[in-house]
Structures are given as structure tokens and as C-alpha cells.
Amino acid sequence: MRMSSGFGRTLREAPSEAELTAHQLILRAGLARQLLAGGMALLPLGMRVFRRIEALMHAELAAIGAGEFRTPVVHAASLWQQTGRYAQYGEAMLRFENRNQQALLFAPTHEEAVAELARREVDSYRQLPSLLYQIHTKYRDELRVRGGLLRLREFTMLDAYSLDADWAGLDAVYDRVALAFETIFERCGVRFTAVEADGGEMGGREPREYMAFSSSGEDTLAVCQSCNYAANSEVAVRGQSAANDDLVPAMSEIATPACTTIAELAAFLQVSEAQTAKAVFFNSEKGLIFVVVRGDREVNEIKLRAAAGVSVLEPATLEQISAVGAVAGYASPVGLSNVTVIADHSVVGVGGLVAGANRSGYHLQNVVYGRDWQATIVADIANVEAGDACPQCGASLSLERGIEIGHIFKLGTRYTEALGATYLDPQGQAQPIVMGSYGIGLERLLQVIIEQHHDEKGIVWPACVAPFDLHLVQLGASATVSDAANQLYQQLNAAGVSVLYDDRNESAGVKFNDADLLGMPWRLTVGERGLKQQVVELRNRATGVVDTIGLDEVVTMIMMKDEG
RNA sequence: CGGGGUGUAGCGCAGUUGGUAGCGCGCGACGUUUGGGACGUUGAGGUCGUAGGUUCGAAUCCUAUCACCCCGACCA
């Protein structure tokens, strides 16, 4: 492609809307432009990267026998009503009507469509298993968009779906898809880890997230320093410490004026936050839930939902809190009954803690779980902190930031049962098809690649997703240089090397800086100076290493280096 | 939705006693340049987010509204 006729330009300064480095580079390099919040237009250069990522995906999925298919992006509400997700999905689903007042939605994911197709197509176990995928637009009316391509409303997902006769089949294909996904990420040059995750809306077993390490990540990962344990902090668990409640003096009340927060309390009493118990109140569909965690811990709402067996959690009102006899700011479960108390492991077996006295201005010292109070449930409901023990090996956990670039689930029969997608087994019995679902976000992946592959000058593309293999820079506009550059452009193209040809009438500095910004793996410079010796200069973007090569050996040299 | 912030030329920004808008980069033309963001001459480009209001007069003061960004609850 000739830059003189390309669409899109580079920017010296990033628009102020972009805060993340990778987002700034996307805009500065002219890969994409924002048209509205949550909606980005890919420009030709960005589209080429996108196509290369797609090509990797097609190749890896073909290698595991997946068949490409395509569903509509607009679905009938009635289909989603059958699985219950029309009601369940919430505001992230964009709903609308057509001219016939038919209730429609813009699909945020496609399990229903696949299950419906399976219902129509699959009659017999002989037709199973199947593995389908598409690379297609999704729309999620996200509460908040973020970080350029990181979190869009309209985005592209590689979504794959497996159909099996039984769980053993699903287990096998799940592993195959996981391997293919990992290969895709590796080929994109992304550093990532697979973590245990929360299934969220999807349901199903063994949800696993693929997280790219990223300082701008939205998720926190607990990663073990010594074993292979890695989990999203949403679900990460920690090892337990031994009980230590002997010889704690009897509980006693102590005046603590104006200490309604843990920080104030710890400061006033000269104790660490870990020596206090924190009361947090939630309202759920089962009523008020009184949660107790150690003062230095945060409640993890995902774990809490699971432990309490509720799906709705919202902050409780002051009226609800006082109705059970607790005093906001000085609340504790001590002496309360008729309320569901869920305690975190961190307040059990850790000796005497300072807890509220349910009396304004007073706390209780030396409060011991089991002796002084009881919870309805004791469970792991607090966030993991750096330094916590690994649940597998006991070593120390560290916390890393990550961006979710992929997610895989064993869905089972949730959707197929709801839609009646069954097959006849060898005994002639109808059985629900067992599904799995697997997704990768493409725009996000693209931005993650840039985040992990750039320097202060610009993008440094990994070779196999670079928009072009080589950036041909012509310096000066003389016929000599122009002819030589044009000829090289033809030769390289003919040899199958994709070339971005900077034939613009710009100064050398502008061209070099743009070449650095755009980040093709190789830069080939053609100028008067070299041509006098019949040479051109080949520079590696990543290493900065420069080779001077003869005009007649350019193509063979580049082919050789590209291989290596 | 809650909290914070920003809307002035394509991009980055300046513009408070209220007097009808400016700088840098970029862009067009001409000329000189061409190995790391060149130089000269000249030119184009702005309903100051939008709508009301106050005022003789509003980018500036008031009200409403919209858009966008950041932080939290959802997710690839």
C-alpha cells in the first residue's frame, strides 16, 4: 500500500480522550477512530491487523476441526425468552422493535441461536459431536465503556460452540479449544495466563478466563509464586491458618467515640485493622444479610452471592440495619439473633477481635467467634490479598492486573434443555445436547498486543500480526530514488512481502518517526546516499539493528530474515 | 446510575473587571529543502457542544440539556 493514497493519518499528539498508552498509539498511528462512546471505526491499517488476527484464528480453529458458521446479529426476543435470559440479561442487552412491533434484540452472545440451530439440525448421536465458530459483531449495552478498544459496546468476538452427546465429549473438546486459544494468544505475542473464573450470566462449569497481563487491566489476578495456581480475584481462595483462640480474655466493652470506620477505630485503639471485625450489610432477595469480615479485608460480592445463595445484592438501608438491632458504624453480630450472619474465615480462629457493641460510641474487645457469637454460615467471602497463602501449595500469592481476552465454559445442557435441542442416543432415548462455549474479544486483543509491544517511539508489532511485513521509506523525490523505491516495491510485492510504501513528499524525519510509530517489523530505507553505492538500509524495528544490503539482494535478504 | 472532570479550528491548548476569538502543530498554494518530526512567503479553516435566560453587549455570568473522558457496579 502506498501511504500517499492511504486513508487515515498519523497524529503527533494523542487526542486527550485517550489515556491509556495503547489507546493513544492506536489513535496516533491511525489504526482506528472513535465514532461514538463504545463504537470504534477501524481504518485500513487497523483493519489489516484485525484481518491477520482473524487469519490466525481461522487457522487454529480449522486445525481442531471447527466449522465456520454465521448467525444473525438481531435475534427475536422470543428465542431468548425460552431460556429465561431475556429477563435475566438486564440492561446490557440492547432491545428494540421492528416495524411490526416484533420484540428484537441485538445479540450480546449466541448460545440461544446455536442451541436453536442444533435443535433443528441434530436428531441423532451420529451427528455429534460438532464444533462451530464465527467471528462476528456483538453488541452489549455496557454500563460504561473504557479505554479505547478495551471495552466497547459494539465489538467483534470469536465465539465458538461445541455440541456433544455427553460430558466426556465436552471435556475433550473443551481441552482442544483451550489449546487452540492458547496457541492463538501465543501467536499474537500476548503474555497471558489462564485463571479460574466466575461463570456470571452464562452458567456452566469450569469457567476459565484467559487474562493478558496488563497494567491497565480491569481484573485482579491472584497468582501463586511457586505452583500453577492462578485465579481471578473474584473467585480466588486462600489457604487457612490454624486456630488460635486459647487464652483470649473475656469480652469487654470499651468507649470509642467517633469511630465509625475501621481506620478510625484502629487508629483510636492503636491496633491494626486486622485485629478488628468489620460489619457490612446487604439487602438480597432473601432479606438482610449481615456480613462480617476482618477489618483489613474487603467483601467479595461474587463469593458472597454464592455463599448466601442469592443473586441480588445491594447495600442495605439504615432502616433495615436498625431493624435487626444493629447500630450503623458500631455494628457487630454479637448479641443479635433473627438475622442471617455470614462470616468470613478471616474472623474465625484468629483470637480476640474488636467488634461493634451495637451501641453508639462503643465497641467490644476480645470478641471470639464461637465463644461470643455465631454466624449462620462461615465461608470464604473476602477478597484475596497479596501475601495470602495459596490454596494449593500454601506459598505466597501475588496480585497482578489483567485484561480478560478470552473466556471458555462448559455450558452443559442449560440452553439445549430449555430449547428442546435433543438427539436420540443408540438406545433410541432422547438426550439433551451438551454444549460448550468459547470466546475471544478481537478489538481488545488488538489493543492488548499494542500494550505489550510498544516503546517510547511507537508500536513494535509482532511479525505475525503486523499490518505489513515491511515499511519502505523513500527519502527524497529524485527520479533515481523514486525509481529504485518503486522497483523495490514491485519486487517485494511480487515476492509475497507485504509492503507499506512511504512515497509521500515528506522530510526524512517525518518518515522515520512515522515508521517508528507504525511499527512494522522491518524498515527499508532508500535514499540518494545509499544508492550511490547501490545499497539500501534494512532496520529491525524491535532491535534497532541496521543492515546495509546491496540493491540486488534486497528481496532474498528480506525473505531470509522474515523466515528467521 | 452514583462520584469526579472536559467541551473554543483536524490535534494539543490559551482566552475572569463581560466589549464579538488567539497560539503551536497540522492543512492549501508558491519557492527553497530532503538520512531523524525543515525553512520562507501566503492562504483557508471556528454556530466558542446545544437551547434558553441576564445584559446595550456573553466563549466569559445563570439555568437546563447533550456529548465525551476517568473512578465504582457488568463483561470479550
Side-chain angles (χ1 to χ4, degrees), chain A residues 8-20 23-24 27-28 30 33-39 89-93 108-109 135-160 181 197-202 207 209-212 216 218-219 232 234 298 301-302 312-315 402-409 437-448 457-458 473-478 481-482 504-517 523 525-532 536-537 539 546 548:
Chain A
R9 57 170 156 190
T10 57
L11 304 174
R12 286 198 194 186
E13 293 184 276
S16 58
E17 67 186 28
E19 203 165 83
L20 305 178
H23 185 194
Q24 292 176 345
L27 297 177
R28 287 223 294 131
R33 294 286 180 252
Q34 180 164 323
L35 280 184
L36 73 165
Y89 212 94
E91 294 189 324
M93 180 184 283
T109 174
I135 299 176
H136 206 189
T137 304
K138 305 284 177 292
Y139 194 95
R140 294 182 185 170
D141 198 357
E142 295 287 346
L143 295 170
R144 187 162 86 80
V145 297
R146 229 199 122 232
L149 297 177
L150 269 197
R151 178 181 220 69
L152 295 165
R153 293 208 169 94
E154 181 177 331
F155 67 103
T156 313
M157 183 156 81
L158 158 65
D159 48 325
F181 274 23
D198 175 57
E201 206 69 55
M202 304 286 291
E209 287 171 344
Y210 288 101
M211 311 287 312
S216 57
E218 302 176 285
D219 291 280
N232 194 312
E234 291 172 345
E298 294 294 322
E301 295 191 19
I302 289 170
V312 179
L313 270 188
E314 56 190 22
I403 297 175
E404 182 182 354
I405 49 175
H407 207 157
I408 61 180
F409 303 85
S437 113
Y438 319 87
I440 298 176
L442 268 80
E443 288 88 349
R444 179 177 287 185
L445 180 58
L446 194 161
Q447 184 162 325
V448 163
K457 303 284 278 181
V473 176
Q474 169 189 331
L475 295 183
S478 73
V481 177
S482 169
R504 298 173 303 171
N505 187 19
E506 291 287 351
S507 69
V510 168
K511 293 190 173 193
F512 286 146
N513 278 299
D514 273 351
D516 288 340
L517 173 62
R523 186 185 81 193
T525 307
V526 182
E528 295 277 6
R529 204 175 73 185
L531 287 180
K532 285 179 183 151
V536 292
E537 174 191 296
R539 184 172 187 271
V546 174
T548 302

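Since this is a predicted model, take the numbers as computed values, not measurements. Quick note on labels: first sequence line is chain A, next is B, and so on, each numbered from 1.
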Using a cut-off of 4.0 Å on non-hydrogen atoms, how would the nucleic acid contact of [X] be classed: base, sugar-phosphate, or nothing?
X        : value
A:Asp159 : nothing
A:Arg33  : nothing
A:Gly148 : nothing
A:Gly527 : base

Please pick, from [options], the nucleotide with the shortest atom-to-atom distance to any side-chain atom of [X].
X        : options                : result
A:Ser16  : B:rC69, B:rG10, B:rC13 : B:rC13
A:Arg9   : B:rC69, B:rC75, B:rG26 : B:rG26
A:Asp516 : B:rC75, B:rG26, B:rG36 : B:rG36

Identity of whatever pairs with B:rA76 - Watson-Crick or G-U, under 3.5 angstrom = none
When you compare [N] with [M], how far apart are their [atom1] atoms, in angstrom units rounded to a whole number?
N      : M      : atom1 : value
B:rA58 : B:rG18 : C1'   : 6 Å
B:rC13 : B:rG49 : P     : 15 Å
B:rA51 : B:rC66 : P     : 15 Å
B:rC62 : B:rC68 : C1'   : 24 Å
B:rC23 : B:rA9  : C1'   : 12 Å
B:rG3  : B:rG46 : C1'   : 33 Å
B:rG45 : B:rG22 : C1'   : 14 Å

Over how many whole Å does the gap from [X] atom [atom1] to [N] atom [atom2] extend?
X        : N      : atom1 : atom2 : answer
A:Leu475 : B:rU34 : CG    : P     : 12 Å
A:Asn513 : B:rU34 : CG    : C1'   : 14 Å
A:Leu11  : B:rC13 : CG    : P     : 13 Å
A:Leu152 : B:rC74 : CG    : C1'   : 15 Å
A:Glu13  : B:rG37 : CD    : P     : 17 Å
A:Glu209 : B:rC74 : CD    : P     : 12 Å
A:Leu27  : B:rG26 : CG    : C1'   : 16 Å
A:Gln34  : B:rA67 : CD    : C1'   : 11 Å

request  = Name the residue closer to the 5' end of RNA chain B, choosing between A:Gly38 and A:Arg444 according to the nucleotide with the nearest heavy atom.
outcome  = A:Gly38
note = By nearest-heavy-atom nucleotide on RNA chain B, the more 5' of A:Asn505 and A:Ala37 is A:Asn505
Backbone of [Y] reached by a side-chain donor or acceptor of [X] within 3.5 Å:
X        : Y        : value
A:Gln447 : A:Leu149 : yes
A:Glu218 : A:Ile403 : no
A:Lys457 : A:Asn513 : no
A:Arg140 : A:Pro108 : yes

task = Using a cut-off of 6.0 Å, state whether more than 12 heavy atoms not belonging to A:Glu528 lie near its atom CD.
result = yes
message = For a quick check, tell me whether the side chain of A:Arg151 and the base of B:rC74 share a donor-acceptor pair closer than 3.5 Å.
response = yes
inquiry  = Distance criterion of 3.5 Å, no angle test: do you see the side chain of A:Arg523 paired donor-to-acceptor with the base of B:rG36?
reply    = yes
task = State, without any angle test, whether A:Glu443 and A:Thr156 hold a side-chain donor-acceptor pair at a distance under 3.5 Å.
result = yes
